[in-house]
Amino acid sequence: MNPSFYDRPVLEVAPDLLGCVVEHAGASGIIVETEAYHDSEPASHAFVGLTPRTATLFGPPGRAYVYRSYGVHAMLNAVSEPEGVGAGVLIRALEPLDGVELMAARRGGLPLRSLCSGPGKLTQALGITLADNGCDLQHGPVVIRSRPAGWKRPPVSVGRRIGITKAAELPWRFCVTGSRFLSAPVRL
DNA sequence: CATGGGATTGACT
DNA sequence: GTCAATCCCATGC
């Protein structure tokens, strides 16, 4: 998907990414859960302004922002909105598509449903690391492409974002309705 | 320079 | 349901 796709309000990009495919290192999955983050709102890393950590978020749209959470997990975001605005879409869950055996090997052979049902899980399954921070999502190594044949625009459920304390009331989480591969049920 | 707080997960009770 | 693991980096003294 080209950079202009991401050069829009992050609240449009986040639901539009549902059904698209994330691909890296021989494995891929269909996005079934996203969350929007924006520098105007305190749950976003970009809320603190432009720092070395948030530079990618304020950079041009269509790149990957990868950061470490709880000292352990890598999180994948798609940088959105024009350069100078700190906004991104957190990819929270995938439905495994290709390279299932490879993903299972990376994750220790768990059942299909638990392979990518969480932001830290899917980066582990796809082999995405902090080294991928800033990479171009059109050319890779981490690639996001449009919905595979047979996938129409899926029905979307909206809810509150997960695991945050600030701005927790905003309904900025988007899930494919009824998907069995979500990280948690949709809640408001 | 020291400190503290996470956009989480998995193991255990 | 509870809880530790583990590290980056923004903030404050």
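Keep in mind it's a predicted model, so treat the numbers as computed, not measured. Throughout, protein chains are lettered first and strands after them, A, B, ... in sequence-line order, and every chain is numbered starting at 1.
- As judged by a 4.0 angstrom heavy-atom cut-off over every strand, A:R161 is placed among residues making no nucleic acid contact.
- Two residues, A:S114 and A:G71, neighbour DNA chain B, and the one matched to the more 5' nucleotide by heavy-atom proximity is A:G71.
- The cationic group of A:R8 lies under 6.0 Å from the six-membered ring centre of A:F5 and within 45° of the ring axis, placing it in a cation-pi geometry.
- Side chain of A:H24 to backbone of A:L126: a donor-acceptor contact under 3.5 angstrom is found.
- Remark: DNA chain B takes part in the stems B:1-6 with C:7-12, B:8-12 with C:1-5, each of 3 or more antiparallel Watson-Crick or G-U pairs, criterion distances under 3.5 Å.
- As judged by a 4.0 angstrom heavy-atom cut-off over every strand, A:V48 is placed among residues touching the sugar-phosphate backbone only.
- Among the protein residues, A:R173 comes within range of no part of the nucleic acid, since none of its heavy atoms lies under 4.0 Å from any strand.
- With A:N133 contributing its side chain and A:L130 its backbone, the two residues share no donor-acceptor pair below 3.5 Å.
- Scanning DNA chain B 5' to 3' for nucleotides with an atom closer than 4.0 angstrom to a non-hydrogen atom of chain A gives a first and last hit of B:dG6 to B:dG10.
- If you check every strand for non-hydrogen atoms under 4.0 Å, A:I164 touches sugar and phosphate atoms only.
- Using a 4.0 Å cut-off between charged nitrogen and carboxylate oxygen, A:E23 and A:R145 count as a salt-bridge pair.
- Between A:E35 and A:R161 there is no salt bridge, since none of the side-chain N atoms of the basic residue sits less than 4.0 Å from a carboxylate O of the acidic one.
- If you find the closest nucleotide of DNA chain C to A:L130 and to A:H73, the one lying nearer the 5' end belongs to A:H73.
- Not a single donor-acceptor pair under 3.5 Å links the side chain of A:S28 to the backbone N or O of A:G26.
- In this structure, A:F58 belongs to a hydrophobic cluster whose other members, linked by side-chain heavy atoms under 4.5 Å apart, are A:L50.
- Comparing C:dC8, C:dT6, C:dC9 by their closest approach to the side chain of A:R53 singles out C:dC9.
- With a 4.5 Å cut-off on side-chain heavy atoms, A:Y65 and A:M75 do not count as touching.
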